[in-house]
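Worksheet: one structure, shown below.
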Amino acid sequence: MKKLLLAFTLFSGHFCSAQQSFGNYVLKVQTAQPYTPLTTGTNISSSIVWDDENFKFPLGFTLNIDGKTTTDFSFSAGEGFGPGSDTMGVVNTFSNFAASDLIDRGALSATPKSPLRYITTGTSPNRIFKFEVYNAGFFDEADLYGTVDDSVNFQIWVYETSNIIEFRYGSSKISNPGDYFYLGGSPLIGLAIDFDLDATTFAKGYTLVGSPSAPTVDSFVDFSTLPPVMSSYPASGTVYRFIPKAVAASIGESSIAQQFNVYPTITKETLTVDYNLNTKTKVDIYTTSGQVVKSTFIQQGSNVLDVSALASGNYLLQLSNNDGKAAFKFMKQ
């Protein structure tokens, strides 16, 4: 098995949601969403105890990822997961499970237990391609402990025409996250722009960090330092929805982050939040571990927040109103 530091491969009920923008996308986060296994989908691994296999099959339509396109979905077991453009040499690609190594849970018995399956629903031009990794285990559990008791379930949804990408997480059992995830408590989840598959370089990378229920988006351009990840694995019912900015407003998903201007990003005493609407908005400040350390409200205009009593370190400022939630990072010196 290959242990890759990072591999971006080709390949309603009650909820809370938050939005923020990055690059050419709006990220919408939802929690407590229903997760339904794709039991009627095509199983591409029905006779395979998969490990390092590579699969490729048609989407049924053309997917555009930040200007590069593909008509196929590719899956590379053991190297990471996520849809990517099939432009030769340099691709744009999402990843929902990089920096980890999954296997079929039948690895010790030679009987397949972890189906890889897909299905396309709806009619053109509004079809949804859905891919699922069901009941997958961890290579490192088998290698280090001789068991395959732990498991994860997740789906990737790809939307025709709108080019929206969704990562949907189901139930999981993760006993040894430090062993399973090479960067810490969770996989690397994000987007790489102009990723050179041969040179393993890219123009820019984006990764979700902080609390998995309210992550913020960080960026990096090389591996001189390890890219940050979230503090833990996403809970069942978590959905990360990546919406191209060009279509966000047309479907009512423009980022509420545009309502605010938060500055400075590094401060000793105060933060200023400029707000352009006449709607009462709640402010919560979180530590990187998800603990709320300050809560208040702001109104229209320029609002000054006193953060002088906070310990030095990195924080997440979350703003919530009737339109949803927006998150901003800052550092307290």
Side-chain angles (χ1 to χ4, degrees), residues 2-11 21-27 44 50 52-102 116 118 120 127-133 154-168 182-183 187-208 217-224 226-229 240-248:
K2 295 180 285 293
K3 281 192 172 186
L4 299 187
L5 170 65
L6 171 66
F8 288 103
T9 61
L10 302 182
F11 80 88
S21 59
F22 69 98
N24 291 317
Y25 287 89
V26 171
L27 168 66
I44 63 174
W50 53 268
D52 279 335
E53 285 78 11
N54 298 305
F55 303 91
K56 187 175 183 178
F57 37 93
L59 282 168
F61 51 84
T62 299
L63 171 67
N64 186 310
I65 299 180
D66 206 25
K68 293 183 171 66
T69 61
T70 183
T71 56
D72 297 313
F73 187 95
S74 298
F75 168 85
S76 182
E79 293 188 357
F81 307 87
S85 62
D86 59 0
T87 305
M88 295 299 294
V90 179
V91 304
N92 294 337
T93 179
F94 283 92
S95 176
N96 78 320
F97 218 96
S100 187
D101 200 346
L102 295 182
L116 309 174
Y118 70 92
T120 299
R127 290 168 290 187
I128 307 173
F129 174 88
K130 304 175 182 180
F131 174 77
E132 180 176 45
V133 175
F154 60 80
Q155 296 177 12
I156 300 168
W157 290 18
V158 176
Y159 288 74
E160 184 181 18
T161 304
S162 69
N163 299 301
I164 292 172
I165 304 293
E166 284 183 350
F167 296 155
R168 294 174 166 259
Y182 312 144
L183 298 178
L188 192 150
I189 300 170
L191 167 67
I193 299 297
D194 290 339
F195 182 57
D196 189 323
L197 298 173
D198 295 322
T200 64
T201 59
F202 48 89
K204 193 163 189 177
Y206 298 94
T207 176
L208 275 57
V217 178
D218 207 344
S219 61
F220 57 100
V221 294
D222 58 44
F223 297 127
S224 58
L226 296 180
V229 294
Y240 301 128
R241 194 169 204 235
F242 301 90
I243 309 167
K245 287 182 178 178
V247 302

Atom of [X], atom of [Y] and distance for their closest heavy-atom approach:
{"X": "Pro227", "Y": "Leu188", "result": "CG-CD1, 3.6 Å"}
{"X": "Ser162", "Y": "Pro244", "result": "O-CG, 3.5 Å"}
{"X": "Asn163", "Y": "Thr62", "result": "OD1-O, 4.0 Å"}
{"X": "Ser219", "Y": "Lys204", "result": "CB-CE, 3.6 Å"}

Between [X] (side chain) and [Y] (backbone), is there a donor-acceptor pair under 3.5 Å?
{"X": "Thr201", "Y": "Asp196", "value": "no"}
{"X": "Ser85", "Y": "Asn92", "value": "yes"}
{"X": "Arg127", "Y": "Gly60", "value": "yes"}

How far does [atom1] of [X] sit from [atom2] of [Y], to the nearest 0.5 angstrom?
{"X": "Leu63", "Y": "Thr69", "atom1": "CG", "atom2": "OG1", "value": "8.5 Å"}
{"X": "Ile165", "Y": "Ile243", "atom1": "CD1", "atom2": "CD1", "value": "11.5 Å"}
{"X": "Phe55", "Y": "Ile44", "atom1": "CZ", "atom2": "CD1", "value": "5.0 Å"}
{"X": "Leu116", "Y": "Glu53", "atom1": "CG", "atom2": "CD", "value": "9.0 Å"}
{"X": "Ile128", "Y": "Thr120", "atom1": "CD1", "atom2": "OG1", "value": "9.5 Å"}
{"X": "Trp157", "Y": "Arg241", "atom1": "CH2", "atom2": "CZ", "value": "9.5 Å"}

For Lys68, all residues meeting salt bridge (charged side-chain N to carboxylate O under 4.0 Å, His left out), sequence neighbours excluded: Asp194
Residues Tyr206, Ile193; criterion side chain to side chain contact (heavy atoms under 4.5 Å, CB included); working and verdict: CA-CA 9 Å; Tyr206 298 94; Ile193 299 297; 4.3 Å; yes
Residue among Glu166, Arg168, Glu132, Lys130 satisfying side-chain hydrogen bond (donor to acceptor under 3.5 Å, both in side chains) with Gln155: Glu132
Minimum side-chain heavy-atom gap Pro228-Thr207 below 4.5 Å: yes
pair Val91-Thr70: side-chain heavy atoms closer than 4.5 Å: no
No-hydrogen, no-angle side-chain donor-acceptor test under 3.5 Å, Asp66 and Asn24: yes
Option from Phe154, Tyr240, Phe242 for which ring pair (Phe, Tyr, Trp, His ring centres under 6.0 Å) with Phe167 holds: Phe242
Side chain to side chain contact (heavy atoms under 4.5 Å, CB included) evaluation trace for Thr71 with Leu59: CA-CA 6 Å; Thr71 56; Leu59 282 168; 5.8 Å; no
Step-by-step side chain to side chain contact (heavy atoms under 4.5 Å, CB included) determination, Tyr182 to Leu226: CA-CA 10 Å; Tyr182 312 144; Leu226 296 180; over 6 Å; no
Ring center gap for Phe202 and Phe220 short of 6.0 angstrom: yes
Test of ring centre spacing under 6.0 Å for Tyr118 and Phe75: no
Stepwise ring pair (Phe, Tyr, Trp, His ring centres under 6.0 Å) check, Phe94 with Tyr25: CA-CA 12 Å; Phe94 283 92; Tyr25 287 89; 5.3 Å; yes
